[in-house]
Amino acid sequence: MDHDEFSGALNTWFTGSARDLPWRKPGASPWAVLVSEFMLQQTQVDRVLPRWLEWMERWPTPSALAAAEPGDAVRAWGRLGYPRRALWLHRAAIQIATEHNDQVPTSVETLLELTGIGPYTARAVAAFAYGDRHPVVDTNTRRVIARAVHGKAAAGMPAAADLDDMEALLPQDPARAAVFNAAAMELGAIVCTARTPACDSCPVAAWCEWRGAGYPDNAPKKRPKQARFEGSDRQIRGRIMALLRATPGTVTTEAALAAAADGGVADAEQPRRAYDSLIADGLMIEFEGAARLP
DNA sequence: AAGCCGGGGGA
DNA sequence: TCCCCAGGCTT
């Protein structure tokens, strides 16, 4: 495959067809990009959009969020899911405000030291907020690489191999590289989708090894499937969190456990287990028979 | 490497 | 119903 032709075609498509997302606009601050990346971890764009707009208006800088109570961040997180992310983003804001002069770090290495930032988010911030040339690989890009480069039906390469592959595809010019990173993700999100890829409208179909091989069903390995949500501890935790978000101040432990059980439980210990785990995670503080957000 | 952590939307 | 999602942390 000619990498220049491939990236050129993908970038041209992105320029004309990409969704108009506010954190991609030239004026978006590094902080704005970082907040979007936290919210987008395992949560789709259309659900993130309204929350992100609220957050940026309320907490336009790291120090603004750092000055808030962590519970305010958790409450404002709403139903985005995985509320620990709100807690981690709040901690990251404190780290940025106090250790980095309120400026989002620029290097991948330093970004990785922030709470809640891993290999994907660190590179995404460095590439999208600062325009540095790094391979950015998320679940969409992994699938695009698996299909277009390796002719596989689904992603299955080790993460390090995907980074190497993306590095090889990445244009040398940092500006073009940043667009290519976003374009590969976008392609996976809206064309080269997991279930029903729209190959007829794919801008890089001519280079796609999977298409060239006749779409073999050669998925290397199923990813371990997540335990069902219904009846899970996560669901029960979610009930308690929903009550805490909806209640100013405190709720009694009794009320929290009742909310946990409301709707049914898989086993009798589940409400208490969920309650204790939320405390252990720092999402809830207990005192004198009552509980509240941190 | 595997398990855990929300919640919603699409097929 | 099951699958998937701009992942990261803990064990």
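Every chain is numbered from 1, with letters handed out A, B, ... down the list of sequences.
- Comparing C:dC9 with B:dG8, their P atoms are spaced 24 Å from each other, to the whole Å.
- At the heavy-atom level, A:Ala124 lies nowhere under 4.0 Å from the strands shown.
- The separation between A:Glu230 atom CD and C:dT1 atom P is 9 Å, rounded to whole Å.
- Here A:Leu21 lies in heavy-atom contact (under 4.0 Å) with a base.
- Among the nucleotides B:dG6, C:dC4, C:dG8, the one closest to any side-chain atom of A:Arg47 is B:dG6.
- With hydrogens and angles ignored, no donor-acceptor pair closer than 3.5 Å exists between the side chain of A:Gln42 and the base of C:dC5.
- Distance from the side chain of A:Trp88 is smallest to C:dC9 among C:dC9, B:dG7, B:dG10.
- Nucleic acid contact for A:Arg24: base, since at least one base atom lies under 4.0 Å from a heavy atom of the residue.
- A:Thr121 has no side-chain polar atom (N or O) that falls below the 4.0 Å cut-off from OP1 or OP2 of C:dG7.
- Separation of the C1' atoms belonging to B:dG3 and C:dA6 is 22 Å when rounded to the nearest angstrom.
- The nearest whole Å value for the distance from the CG atom in A:Leu87 to the P atom in C:dT10 is 12 Å.
- For A:Tyr82 and C:dG8, the OH to P distance is 13 Å, given to the nearest whole Å.
- Within the 4.0 angstrom heavy-atom criterion, base atoms lie near A:Gly81.
- A:Trp23 comes within 4.0 angstrom of a base, heavy atoms only.
- The pair A:Arg239-A:Asp262 fails the salt-bridge criterion, with no side-chain N (NZ, NE, NH1 or NH2) lying under 4.0 Å from an Asp/Glu carboxylate O.
- Shown here is A:Glu254, whose CD atom has no more than 12 heavy atoms of other residues, nucleotides or ligands within 6.0 Å.
- Heavy-atom minimum distance, A:Thr110 versus A:Pro105: CG2-CB, 3.6 Å.
- Salt-bridge check for A:Lys25 with A:Asp20: passed, with a basic side-chain N closer than 4.0 Å to an acidic carboxylate O.
- Side-chain proximity of A:Arg195 to the nucleotides C:dA6, C:dC4, B:dC5 is greatest for C:dC4.
- What separates CD of A:Gln226 from P of B:dC5 is a distance of 9 Å, to the nearest Å.
- Across all strands, A:Arg79 comes closer than 4.0 Å only to sugar-phosphate atoms, never to a base (heavy-atom distances).
- Across the protein-nucleic acid pair, A:Asn140 atom CG and C:dA6 atom P stand 4 Å apart, rounded to whole Å.
- A donor and an acceptor atom never sit less than 3.5 Å apart when one is taken from the side chain of A:Ser232 and the other from the base of B:dG6.
- The side chain of A:Arg228 contributes an N or O atom lying less than 4.0 Å from OP1 or OP2 of C:dC2.
- Residue A:Thr193 is out of contact with every strand shown, counting any heavy-atom pair closer than 4.0 Å.
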Item checked: Pairing string, 5' to 3', for DNA chain B - Watson-Crick or wobble contacts under 3.5 Å, brackets [ ] where pairs cross, | to another strand -> |||||.|||||

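- Closest to the side chain of A:Ala194, from the set C:dC5, C:dG8, B:dC5, is C:dC5.
- Judged by distance alone, the side chains of A:Tyr120 and A:Glu37 do bring a donor and an acceptor atom under 3.5 Å apart.
- If you find the closest nucleotide of DNA chain C to A:Leu112 and to A:Gln44, the one lying nearer the 5' end belongs to A:Gln44.
- Within a 6.0 Å sphere centred on CG of A:Asp46, heavy atoms belonging to other residues, nucleotides or ligands number more than 12.
- Salt-bridge annotation for A:Arg24 and A:Glu186: present, with a side-chain N of the basic residue lying under 4.0 Å from a carboxylate O of the acidic one.
- Atom CG in A:Leu89 sits roughly 13 Å away from atom P in C:dC9 (whole-Å rounding).
- Nearest to the side chain of A:Arg143, among B:dG10, C:dC5, C:dG8, sits C:dC5.
- Whole-Å rounding puts the A:Arg273 CZ to B:dC4 P distance at 11 Å.
- Nearest-nucleotide positions on DNA chain B place A:Arg234 closer to the 5' end than the other of A:Asp46 and A:Arg234.
- A:Arg133 and A:Asp173 are not joined by a salt bridge, as no carboxylate oxygen comes within less than 4.0 angstrom of a charged side-chain nitrogen.
- For A:Asp233, the side-chain atoms get nearest to B:dC5 when compared with the rest of B:dC5, C:dG8, C:dC5.
- Distance A:Arg85 CZ to C:dT10 P: 16 Å, rounded to the nearest Å.
- Under a cutoff of 6.0 Å and an axis angle of 45°, A:Arg272 and A:Tyr275 form a cation-pi pair.
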